[in-house]
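Take a look at the structure set out below.
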Amino acid sequence: MNIFNEVGGIVAKAMEEIPELAEVLDLASQRVAVESPRDSSHGDMATNAAMVLAKRAGMKPRDLAEKLCVRLVEHGSVVSAEVAGPGFINLRLTDGYWRERLREVLSADVDYGASTIGAGRKVNVEYVSANPTGPLHAAHARGAVIGDALARLLAKAGFEVCREYYINDAGAQVDTLARSTHLRYREALGEDIGEIPDGHYPGEYLKDVGEALAERDGERWLAKDETDWLAEVRGFAIERMVAGIKTDLGRLGIDMHVYSSERALVESGGVDAVMQTLDDKGLLYTGVLEPPKGKMPDDWLPRPQRLFKATDFGDDVDRPIAKSDGSWTYFASDVAYHLDKFKRGYAEMIDVWGADHGGYVKRMQSAVRAITAEQGVLDVKICQIVHMMQDGKPVRMSKRAGTFVTLSDVIDSVGKDVIRFIMLTRRNDQPLEFDLAKVIEKSRENPVFYVQYAHARCHSVLRLAHDTFPDLDLGANGLAGVDLDCLTGSGELGLIKQLASWPRLVESAAETHEPHRVAFYLSELAAGFHGLWNKGKDDATLRFIVEGDRPRTFARLALVRGVATVIASGLEVMGVEPLEELRS
RNA sequence: GGCCCCGUAGCUCAAAUGGAUAGAGCACCAGCCUUCUAAGCUGAUGGUUACAGGUUCGAGUCCUGUCGGGGUCACCA
């Protein structure tokens, strides 16, 4: 249960009991918020109810707040309700209320924080979707992790989530892949192919593909014209590339539910059908686009082509849906693809794209509005660039220079958990620096280590406790039954309050599609735990295991288990394995 | 030139629907190890939230403009 909603219910009940508010509750109660005060000395919870409602009720905010306070303190879990500032109401809740929240953590175990706000609604998250022309490189990691963590987060919040990868296997780039593979195939059969010519992919990774093709088909394609082998070689190479991509994603802990093929969509006539529908609706026309403002491309020519009336749906200009030779643009198949998702039941769609696609967002959203009759919603998460560094120096990532850093290389170097965590330590729309050396440092500066260390410390205490009390069940469910009344210190209760805010964090991060908040939450929780730990250094009576005081020790072990549980729950959303020991 | 994103402490970054005195880490300064992991903790210093207006009980957050950084702009995907 989200404690903020729970307290919101208490506030709502108090509001209903004020006669002056009878007329205005429906109108304004949505704007009533319950949240934690910035300064914890103000109390546990604060609400703006009086300020929001005062005007409509014809009262002064502070007067209304006073009346509400009288009602609020009648509730058994409320210790005090005080008016502050312009009309805030600060609430303090009983220690018993908070101890029960810890019991909830332990009863729910790693499911703590699961929510029903999604109500089983279907959401489609499309991410990675890298072209199947080579292995994933380091820069793909960010979108992969953000998309995957978002999918996990939405699932935890009660949505029915589909994780999807769109394979761009239909354009000119896969023909280039086929030609490049054919070269390597000839090479595998003993031919000296020399330098890889321009217009081909030079990557060494295609050597394996060429060899595999030679092994399978022998000299079958050697003397044939391109028209004879292109489709076959292309299919072979794409299959290989996709298999490699799946392997890499698997190593990152990503398991897509659906791989959608652009080629299948095109060949089934899906694109033609959608374009016909748009045409029937009068949303396509033949026109000539304005030339780009500012610097003019050398080869720009005014040409008539089929355009989509994107401006009717919020875009800035109408967008070309067909090339000047009449064939569909990439945009056209993308429109068809999004309609396909919608028809599969996903009215809510999220796409995770790289920063270079920022200019594409409005047109895709306008297209989704057009083809779904405003029923579908597309949110696009744009991932800013990742600067790969090594000890503060940029790592060059250039295919030509051969310093091509693959995702697989990075996983080998720092591990999947580090990549996943670090990729979530920035908002998606901020550039991110990824230093291969710093991210494996064992220090306060490295959030991965810091959070794992907190989790490992919890388990360290539990291991020691097991030696001392072999009869006690130290699992979450076992500790859920112990008496918690000994948890009275501000540090202990403060930590419980942090734990208790996890369900709300899941909900708000899911609603705003911001998985990075989980990483920040866990860092703060870890800091809270490390702080409490160190109090035991100064004052032995504050240690978790107190000799000769079984009730106190058990209650504190319950708290430690609660911290471990919530950290594990958060790491699960991030797709990171919690470590029980860091010593090596 | 149009459009999109960004601009918060010396540095790297937070701040749910607009909420109270804008928070962390690093660096710098002062402390804490015979101790459940010091791989850690406590405290101090540090701000006109790029700038100028506007909206309102209240703006880092919303609106307009300016400046600065990045991305992008049909016949690539």
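Proteins come first, then strands; the chains are lettered A, B, ... in the order of their sequence lines, and each starts at number 1.
- By the salt bridge (Lys or Arg N to Asp or Glu O under 4.0 Å) test, A:Asp429 is found to be paired with A:Arg427, residues two or more places apart in sequence or in another chain being considered.
- B:U49 and B:G18 have their C1' atoms separated by 15 Å, given to the nearest Å.
- Of the candidates B:G71, B:G19, B:U17, the closest approach to any side-chain atom of A:Asn48 belongs to B:G19.
- For B:G7, the paired nucleotide is B:C67, the pair qualifying as Watson-Crick or G-U wobble because both relevant distances are below 3.5 Å.
- Aromatic ring pairs are classed by plane angle as parallel below 30°, tilted from 30° to 60° and perpendicular above 60°; the pair A:Phe331 and A:Tyr360 is perpendicular.
- Residue A:Gln430 is classed as a sugar-phosphate contact, given heavy-atom separations below 4.0 Å to backbone atoms only.
- The OG atom of A:Ser129 lies 8.0 Å from the CD atom of A:Glu164; values are rounded to the nearest 0.5 Å.
- Atom-to-atom, OH of A:Tyr360 to C1' of B:C5 comes out at 19 Å; the value is rounded to the nearest Å.
- If you check every strand for non-hydrogen atoms under 4.0 Å, A:Leu505 touches nothing.
- Between the side chain of A:Glu35 and the base of B:A16 there is at least one donor-acceptor pair of N/O atoms closer than 3.5 Å.
- Residue contacts shown for A:Asp316 are limited to sugar-phosphate atoms, with no base heavy atom under 4.0 Å away.
- Residue-level contact check: A:His516 touches the backbone only, with heavy atoms under 4.0 Å from sugar-phosphate atoms and none from bases.
- At the heavy-atom level, A:Ile545 lies under 4.0 Å from base atoms of the strands shown.
- At the heavy-atom level, A:Asn90 lies under 4.0 Å from base atoms of the strands shown.
- For A:Arg319 (side chain) and A:Arg363 (main-chain N/O), no donor-acceptor pair under 3.5 Å exists by modelled atom type.
- Ring geometry for A:Tyr166 versus A:Tyr337: interplanar angle under 30°, hence parallel rather than tilted (30 to 60°).
- One interatomic measurement links the two molecules: NE2 of A:His387 to C1' of B:G69, which rounds to 11 Å at whole-angstrom precision.
- Here the C1' atom of nucleotide B:U12 and the CG atom of A:Asn446 are 13 Å apart, to the nearest Å.
- Remark: A:Arg363 is not in phosphate contact with B:C4, judged by side-chain N or O atoms under 4.0 Å from OP1 or OP2.
- Closest contact between the side chain of A:Glu581 and the listed nucleotides B:U37, B:G19, B:C6 involves B:U37.
- No donor-acceptor distance shorter than 3.5 angstrom exists from the side chain of A:Arg504 to the backbone of A:Ile3, with no hydrogens or angles considered.
- With B:C5, B:G40, B:A77 as the choices, the nucleotide that has an atom nearest any side-chain atom of A:Tyr330 turns out to be B:A77.
- Protein atom CZ of A:Arg427 is 20 Å distant from nucleotide atom P of B:A24, rounded to whole Å.
- Phosphate contact (OP1/OP2 of B:A38, side-chain N/O of A:Trp533, threshold under 4.0 Å): present.
- Contact check, A:Tyr450 against B:C41: a side-chain N or O comes under 4.0 Å of OP1 or OP2.
- Put simply, CG on A:Leu91 is 18 Å from P on B:G19, counting in whole angstrom units.
- B:C32 shows a glycosidic angle more than 90° from 0 and is accordingly assigned anti.
- Between A:Phe88 and A:Ala322, the one whose closest nucleotide on RNA chain B sits nearer the 5' end is A:Phe88.
- Taking only side-chain nitrogens and oxygens, A:Arg457 comes nearer than 4.0 Å to OP1 or OP2 of B:A38.
- For the C1' atom pair drawn from B:G53 and B:C67, the interatomic distance equals 15 Å after rounding to whole Å.
- For A:Glu433 and B:C13, the CD to P distance is 7 Å, given to the nearest whole Å.
- Here A:Pro61 lies out of heavy-atom contact (under 4.0 Å) with every strand.
- Residue A:Asn534 places a side-chain atom within donor-acceptor reach of the base of B:G40, judged by atom type and a 3.5 Å distance cut-off alone.
- Residue A:Lys362 places at least one side-chain N or O closer than 4.0 Å to OP1 or OP2 of B:C4.
- If you check every strand for non-hydrogen atoms under 4.0 Å, A:Gln173 touches sugar and phosphate atoms only.
- Among the atoms of the strands shown, only primed sugar atoms or phosphate atoms (P, OP1, OP2) are found under 4.0 Å from some heavy atom of A:Ala355.
- Proximity of A:Arg426 to the phosphate of B:C13: a side-chain N or O atom is located under 4.0 Å from OP1 or OP2.
- Residue A:Met45 is the one, among A:Met45 and A:Asn168, whose nearest nucleotide of RNA chain B lies closer to the 5' end (criterion: closest heavy atom).
- Across all strands shown, A:Ala46 has heavy atoms under 4.0 Å from base atoms, whether or not it also approaches the sugar-phosphate.
- In this structure, the CG atom of A:Asp429 is 8 Å from the P atom of B:A14, given to the nearest Å.
- Backbone-only engagement by A:Phe520 is indicated by non-hydrogen atom pairs under 4.0 Å involving sugar-phosphate atoms exclusively.
- Regarding A:Trp502, its CH2 atom lies at a distance of 14 Å from the C1' atom of B:A16, rounded to whole Å.
- Under the Watson-Crick or G-U wobble criterion, with both distances below 3.5 Å, B:U72 is paired with B:G2.
- Within the structure, no pair that satisfies the salt bridge (Lys or Arg N to Asp or Glu O under 4.0 Å) test touches residues 446-469 of chain A, not counting sequence neighbours.
- Judged by distance alone, the side chain of A:Asn446 and the main-chain N or O of A:Val439 form a donor-acceptor pair under 3.5 Å.
- Residue A:Lys381 has no polar side-chain atom (N or O) positioned under 4.0 Å from OP1 or OP2 of B:C5.
- Counting only heavy atoms from C-beta on, A:Leu464 has its side chain closest to B:C36 among B:C36, B:A14, B:U37.
- Residue contacts shown for A:Arg319 are absent, as no nucleic acid heavy atom lies under 4.0 Å away.
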